Protein chains: 2
Amino acid sequence: MTQSELNQESDREQNRLSLGSMEDLLAYRLRSAQYLLFTVHSEVFNRYKITPGLYGILIAIRYNPGCSQIAVCNRLHIDSSAMVAALDKLQKLEFVERRPSPNDRRQRALYLTEHGVAAMQEIETEVATQEKSLLTNFSTSERTTLMQLLERFDR
Amino acid sequence: MTQSELNQESDREQNRLSLGSMEDLLAYRLRSAQYLLFTVHSEVFNRYKITPGLYGILIAIRYNPGCSQIAVCNRLHIDSSAMVAALDKLQKLEFVERRPSPNDRRQRALYLTEHGVAAMQEIETEVATQEKSLLTNFSTSERTTLMQLLERFDR
DNA sequence: TATTGTTATACTCTATAACTATA
DNA sequence: TATAGTTATAGAGTATAACAATA
């Protein structure tokens, strides 16, 4: 077996091609860390038949009961036509209600159902627990530093 | 105008519904920061008719000339059938060549074309410049801290 | 006139299964 | 038997334009 064949073998086992300068890119590091979080959380999301995107919508409604669809769209950078399909799904899962808005008859006021509230409490707890266990080898000050640095990219 | 109408008005202007506990989630902060980076880089990617995903593939090939498709798939968590379409695009853009592998006739050895090498030099420079300008209000030590913390999520 | 939500549509991304040629 | 690459296909996500109801 030649040296180049050995390298290929080792690559295959480790799944580790070099990505050169990309490994020093913030965009790559963010994507890479997010991929890990996504993988860890996906089991919970699957169990409740939602996705990270739908989870964001549920959170927005949970903390802003009665908000309009467009408000959620703007906050989460979701297209208004995509929001229709997403809410249809969440309504079918009986997590969300669309009620007529008292202020503006064009708008729908969004609310979690009782079932939605209960499910969200469970999901939020599980997600938070998973994050904590992912951060066990980070000190308290490292965690706050990381969060504070990331917050500075908000907007 | 009532107080609730004022709140709605202010929400609309600021696009700022509260996301409650989600704002303390690492997963949310990562996604949020990544969205900003994605937005900033998208103009460059559009100009070269590529996407962040295709950029990752180009980088992998650039730093591992002659690598197989499956090696890139494994490194970047891309499905092998999706890789076919991605490489078809990159070949049509004349960024990439698929050559027969000398070691294993099942494999294709991937290489950047001359045009691909030139384009990648330009793109990598622009991307790095954009990141630098995004990080202007971070001190040198803040930047290294951020990157080192994020690296610890790598696998 | 402008905005909210909807539909229709199209395009991309992703994932699965079945196939081929090679090992 | 197993692997690399391909095709076909179906599902999800995303974006655009046109529309009805309402402001």
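Values in this document were obtained by computation on a predicted structure and should not be read as measured data.
- At a threshold of 4.0 angstrom between heavy atoms, the contacts of A/D104 are confined to the sugar-phosphate backbone, with no base atom among them.
- Atom pair A/L76:CG and D/dG13:C1' shows a separation of 15 Å (rounding to whole Å applied).
- At whole-Å resolution of the value, CD1 in B/I57 and C1' in C/dT14 are 13 Å apart.
- With rounding to whole Å, B/I70 atom CD1 is found 16 Å from D/dA2 atom P.
- One interatomic measurement links the two molecules: NE2 of A/H77 to C1' of D/dG13, which rounds to 16 Å at whole-angstrom precision.
- Looking at B/S81, its side chain has no donor and acceptor atom pair within 3.5 Å of the base of C/dT14.
- Phosphate proximity of D/dT6 to B/R98: present, with a side-chain N or O under 4.0 Å from OP1 or OP2.
- Of the candidate nucleotides C/dA23, D/dA17, C/dA15, C/dA23 has the atom nearest to the side chain of B/R105.
- Residue A/R31 contributes atom CZ, which lies 13 Å from atom P of C/dC13 at whole-angstrom precision.
- Residue A/D79 contributes atom CG, which lies 13 Å from atom C1' of C/dT4 at whole-angstrom precision.
- Taking the ring centre of A/F138 as origin, the terminal cationic atom of B/R152 falls inside the region bounded by 6.0 Å and 45° from the ring axis.
- Within the 4.5 Å cutoff, side-chain heavy atoms of A/F95 are placed close to those of A/I50.
- Rounded to an integer number of Å, the gap from A/Q69 CD to C/dT7 P is 11 Å.
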